[in-house]
Amino acid sequence: MMKTPIISAVVFVATATVAFGASPNLFESPTPPSAANEIDRIVFAKLSSLKIQPVLCSDAVFVRRVYLDVIGTLPTAKEAGGFLRDPNTGSKRSALIDRLLERDEYADYWAMKWGDVLRIKAEFPVNLWPNAAQAYHRWVRASIAANKPYDQFVREMLTSSGSNFRAAPVNFYRAIQNRTPDGIAAAVALTFMGSRVESWPKDRAPGLAVFFSQIGYKPTREWKEEHVFWDPLRSSVPPVATEAPAPTTPPAAGEAPAPTPPPAPSGPLKAIFPDGTKIQLPPDRDPREVFAEWLITPKNPWFTRSVVNRVWAWLLGRGIIHEPDDIRSDNPPGNPALLACLEKELVAGKYDLKRLYRLILNSNTYQLSSMPRSNTPQAEIQFASYPLRRLDAEVLIDAVNQITGTSDLYVSPIPEPFTYIPHDMTAVALADGSITSPFLALFGRSARATGMENERENKPVPAQWLHMLNSSHIQRKLEQSPRLKAIFEAKRKPEETLEELFLTVLSRLPTPEEVQNALGYASAVAPSGSRQGAKPAKTLARNDWIDITWSLINSIEFLYRH
Amino acid sequence: MSPKPNTPNGARLSRREALRRGLCGAAGLVLTQRAGSHAWAAAAPDKAPAKPNAGPQGKVKAKSVIQIFLWGGMSHNDTWDPKPDSGREYMGEFSQVIPTNVDGIQIGAIFPELAKQADKYSLIRSMTHGNNGHETAAYLMQTGHAPGERLAYPSVGAVFALFKSPGYEGIIPPYVVLTKAQGRFSEEGFLGPKFKPFATGGDPNASRFEVEGVIARAITDDRQKARRELLGKMNTMGSAMAASPQVVAAEDAKKEAYGLILGAGKDVFDLSKEKTELRDRYGRHTFGQDCLVARRLVETGVPYVVINYPGGWDTHKNHFQTMRRQVPQLDQGLAMLLQDLKDHGLLESTLVWCCGEFGRGPKVDYQPPWNGGRNHYGKVFSVLVAGGGFKGGRVVGSSDAKAENVKERPVYPVDLLGSIYQLAGIDPAARLPHPMGLEAHVLPAPSESVKSAGILTEIM
């Protein structure tokens with residue numbers, strides 16, 4: 001099984017060495033960046049006013065970056081090598097972007113990102129329950145795979161009615177800790193307006209809540225099935241009781257907080273749109289539709305802006321308005337023209353998100369080097385370089401598993417019976433935030449409790465290093481990896497083995513200095529004094545190769561998007 | 001690649017690192033002589049408005065806390081609140097009670113060892129919150145806040161890590177979990193990942209307690225050092241961008257990790273340093289040895305240690321079989337922990353509390369599918385507290401004749417946690433640093449949704 005790819009890899013490595021052995025710079029491209037599109041014209045003008053000369057990233061950096069950013073997946077050695085060898089230097093980057101946007105992992109990865117924002121989680125604290133979490137995720141993923149226009153995507157969530165199992169977008173109204181009109185209003189503002197109601201004028205949040213004061217939740221006889229519907233007469237009972245009598249409680253049944261519905265309205269409802277416009281709600285229309293009509297239009301000052309800003313922040317590591325879900329008048333965009341340009345483009349493309357991705361990814365702004373160009377805070381705000389960010393927990397463990405050909409166990413211990421995920425499923429593809437592993441928790445996967453962008457926490461802490469450097473979990477993967485074993489044991493020169501290893505882990509070839517350092521390594525068996533000579537070791541022991549791989553997966557270059 | 005001075009093993013030597021090594025070399029006290037701020041201590045609130053330990057309380061009695069969490073919820077009337085006159089319908093297979101070494105206090109006969117230690121602990125028999133969901137009840141018992149608010153509050157351990165880190169100089173993280181985190185709710189809450197508990201993994205009852213990330217199987221210190229040197233050489237991008245704030249933050253955290261991997265701090269997990277006879281008395285099972293490790297951890301000053309009971313107490317079915325299997329281990333380990341803390345002069349300064357997220361239905365459910373099980377019960381249940389300023393040999397509150405309702409002196413989660421915070425010198429009203437600057441406090445003020453009957457002054 002393993003034989004064929006290895007042989008072809010050997011052939012490839014031999015040619016590859018010749019093809020780009022003399023690259024002048026590992027991480028940066030010698031070609032000065034020109035404005036590829038409107039984004040670049042706007043960004044580069046700003047940078048030039050700051051006297052910052054941006055530098056493009058190298059092909060090796062680009063291939064790794066764009067795989068991780070677009071599909072949350074590391075390129076394989078073959079994919080990385082194929083891209084690096086491709087002689088069409090003028091068009092290969094944009095051709096790769098087009099290919100990646102059509103990959104299955106594109107939908108997996110962006111369903112994961114939206115899953116954070118939409119709080120797709122079966123258990124505490126949002127309590128969607130397993131069936132509904134799966135249905136909701138399936139709908140989100142299918143919408144992304146079909147490139148459903150963003151305006152339609154949102155309209156379905158805001159206005160659907162029906163069973164949480166069958167009309168999946170109704171789960172938007174269930175994936176909220178505080179299912180009162182106020183709680184729903186706050187979630188709507190955060191999710192679709194990128195705005196936090198805490199920063200609003202006093203009357204606005206209660207005014208918005210009125211649009212969500214007629215949502216009914218009705219259980220069915222199916223376990224945890226629930227109908228969400230327009231209920232102007234407030235006929236439905238709260239979905240779950242706070243204190244079920246103990247003896248009748250089914251095992252492991254947690255309780256969601258019971259929303260207390262306001263009393264049935266006596267007269268026509270008066271609501272206030274977030275821009276301050278007052279409206280008397282017509283009694284014959286679902287108020288959610290009235291709100292959706294106001295929100296989902298190019299004229300709305302929040303709707304388009306919040307999503308382009310979010311997408312930009314996801315790809316470039318920082319919102320033009322930062323943080324990306326904190327749009328308010330006293331938090332102005334770093335570059336208003338850039339934001340306006342993206343809004344205009346999304347509207348012109350009829351809310352086609354892939355078109356927006358393509359535009360951003362093809363810009364030279366996205367393709368800049370990650371080496372900082374200046375120490376001024378403005379450099380970061382104006383996107384003078386691509387910011388270094390640690391890989392998301394799911395992306396990181398998937399990358400380690402891809403390199404080693406191993407897998408992790410993902411489990412949800414509640415409710416009984418426990419859920420176990422098939423071993424070939426990636427962490428990125430997990431539907432439900434309750435299905436997890438210690439690694440995902442340690443590396444800051446989103447708790448999916450509030451839907452805020454900052455719930456995902458990628459800052460380094462010592463315990464994460466303990467895990468990467470020294471845990472049995474990672475060490476076992478390195479030692480028992482069938483994929484690495486095949487690389488280590490193929491009959492070829494150590495230099496070639498090293499090149500294959502570098503392509504596998506870092507998506508590039510080693511520098512001469514790295515070759516010397518790696519091949520000069522003989523682990524603890526040798527007395528420490530004899531290591532200084534860096535004599536070209538003919539045969540590195542298996543443990544030496546494991547240690548070399550270990551050092552690569554613990555490098556900043558591996559652990560960080562760059 | 002860089003002209004900066006390198007250490008013999010290839011890593012760049014920072015001023016801080018140099019300072020630390022100097023200290024360690026001179027004093028050889030790795031456990032206590034940490035210089036300056038390090039990552040665990042940097043965990044201190046950046047802009048916490050309230051000063052840590054600035055409560056109205058005087059002396060800090062509880063320097064460390066050991067929390068034994070009986071995940072799933074342990075029956076109260078089978079154990080620490082027996083009702084020998086309630087009949088078989090209620091008592092099931094456990095009808096016997098035994099006297100303890102304190103006059104007038106009886107407990108279930110399945111706890112012969114704890115019965116000999118009753119002078120060291122008090123039993124709260126009127127704990128109540130009325131919540132029967134695992135996650136919601138666990139959240140209540142470990143945060144004191146009502147579930148379902150917009151904020152996700154941190155657990156007691158994370159709050160300790162926040163307030164105790166500034167004065168804590170140990171190399172072991174301030175909030176340790178033996179051996180696995182529960183993962184039912186995010187213990188760090190909105191405080192962020194620095195306040196996650198450090199879960200040891202491994203099994204202290206194994207021949208070698210392999211603490212995940214700290215003590216690796218079959219990797220010698222020489223190989224560790226060789227690897228670290230290699231990593232220094234192969235980290236090409238990290239070296240090229242060494243001044244970038246992201247790389248600096250990563251390298252600082254890595255240095256802390258190496259302090260544990262290559263430092264002497266890890267000896268605290270080495271149970272071979274204890275006498276065989278003592279290890280036997282704790283019990284040669286995971287829970288017993290967990291208790292011994294917990295004692296070693298508080299001995300070195302770790303502020304908060306959680307033992308998540310290795311095995312669940314969610315006994316809807318096979319209740320009595322599970323109890324017969326688990327209770328003897330709980331009895332042996334916990335009783336020995338109290339005795340051993342006392343023998344080491346640590347009981348005065350170490351607060352121990354033990355309970356689940358709720359109790360279990362006092363009436364046995366003989367109907368299918370339970371066939372003699374007990375279901376969730378949050379209306380009334382029992383908690384054991386000891387040391388750290390809690391008096392021993394007392395009973396707080398009581399339940400009614402069949403252990404179904406609180407009869408006297410309800411104790412709500414904020415009352416229990418408020419007492420623990422007070423004994424530890426943490427002001428329950430202190431503000432917690434919220435990333436968005438929202439108003440959040442250690443414990444909620446009493447209100448309609450947050451009931452309180454006052455802290456446990458009767459045993460403090």
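Throughout, protein chains are lettered first and strands after them, A, B, ... in sequence-line order, and every chain is numbered starting at 1.
Contact count against chain A (heavy-atom pairs under 4.5 Å) is highest for B/Ala216 among B/Ala216, B/Gly202, B/Gly72. Interface summary for chain A: among B/Asn235, B/Ile219, B/Val211, the most heavy-atom pairs under 4.5 angstrom belong to B/Asn235.
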Notebook entry, point to check: For B/Trp71 and B/His134, what are the C-alpha separation, side-chain angles and deciding distance, and is it a ring pair (Phe, Tyr, Trp, His ring centres under 6.0 Å)?
Noted result: CA-CA 9 Å; B/Trp71 171 260; B/His134 286 296; 5.4 Å; yes
Next item on the list: Please step through side-chain contact (heavy atoms from CB on, under 4.5 Å) for the pair B/Phe358 and B/Tyr377, ending with a clear verdict.
Entry: CA-CA 6 Å; B/Phe358 39 51; B/Tyr377 204 79; 5.7 Å; no
Next item on the list: Evaluate the ring pair (Phe, Tyr, Trp, His ring centres under 6.0 Å) criterion for residues B/Phe195 and B/Tyr175: first the C-alpha distance (whole Å), next the side-chain angles of each, then the deciding distance (0.1 Å), finally the verdict.
Entry: CA-CA 8 Å; B/Phe195 297 93; B/Tyr175 175 21; 9.2 Å; no
Next item on the list: Start with the C-alpha distance between B/Lys254 and B/Asp252, add both sets of side-chain angles, then the distance that settles salt bridge (Lys or Arg N to Asp or Glu O under 4.0 Å), and finish with yes or no.
Entry: CA-CA 5 Å; B/Lys254 185 162 76 183; B/Asp252 281 353; over 6 Å; no
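Neither the backbone nor the side chain of A/Ile553 comes within less than 4.5 Å of any heavy atom of chain B. If you measure heavy-atom distances from A/Tyr560 to chain B, the contacts under 4.5 Å come from the side chain alone. Neither the backbone nor the side chain of A/Thr511 comes within contact range of chain B; no heavy atoms are under 4.5 Å apart. Only the side chain of A/Leu552 comes within less than 4.5 Å of a heavy atom in chain B; its backbone stays farther off. For A/Ala518, the parts lying near chain B are the backbone and the side chain together; criterion is any non-hydrogen pair under 4.5 Å. When heavy atoms are compared at a cutoff of 4.5 Å, A/His473 approaches chain B by way of both its backbone and its side chain. Contacts of A/Ile474 with chain B are absent, with no heavy-atom separation under 4.5 Å from either backbone or side chain. Proximity to chain B is absent for every atom of A/Arg476, based on heavy atoms less than 4.5 angstrom apart.
Between A/Glu557 and A/Ser555, the side chains place no donor N or O within less than 3.5 Å of an acceptor N or O (distance only, hydrogens not considered). Side chains of B/Asp222 and B/Thr220: a donor-acceptor N/O pair is absent below 3.5 angstrom, by distance only.
Side-chain rings of B/His129 and B/Phe381 approach one another, their centers coming within less than 6.0 Å.
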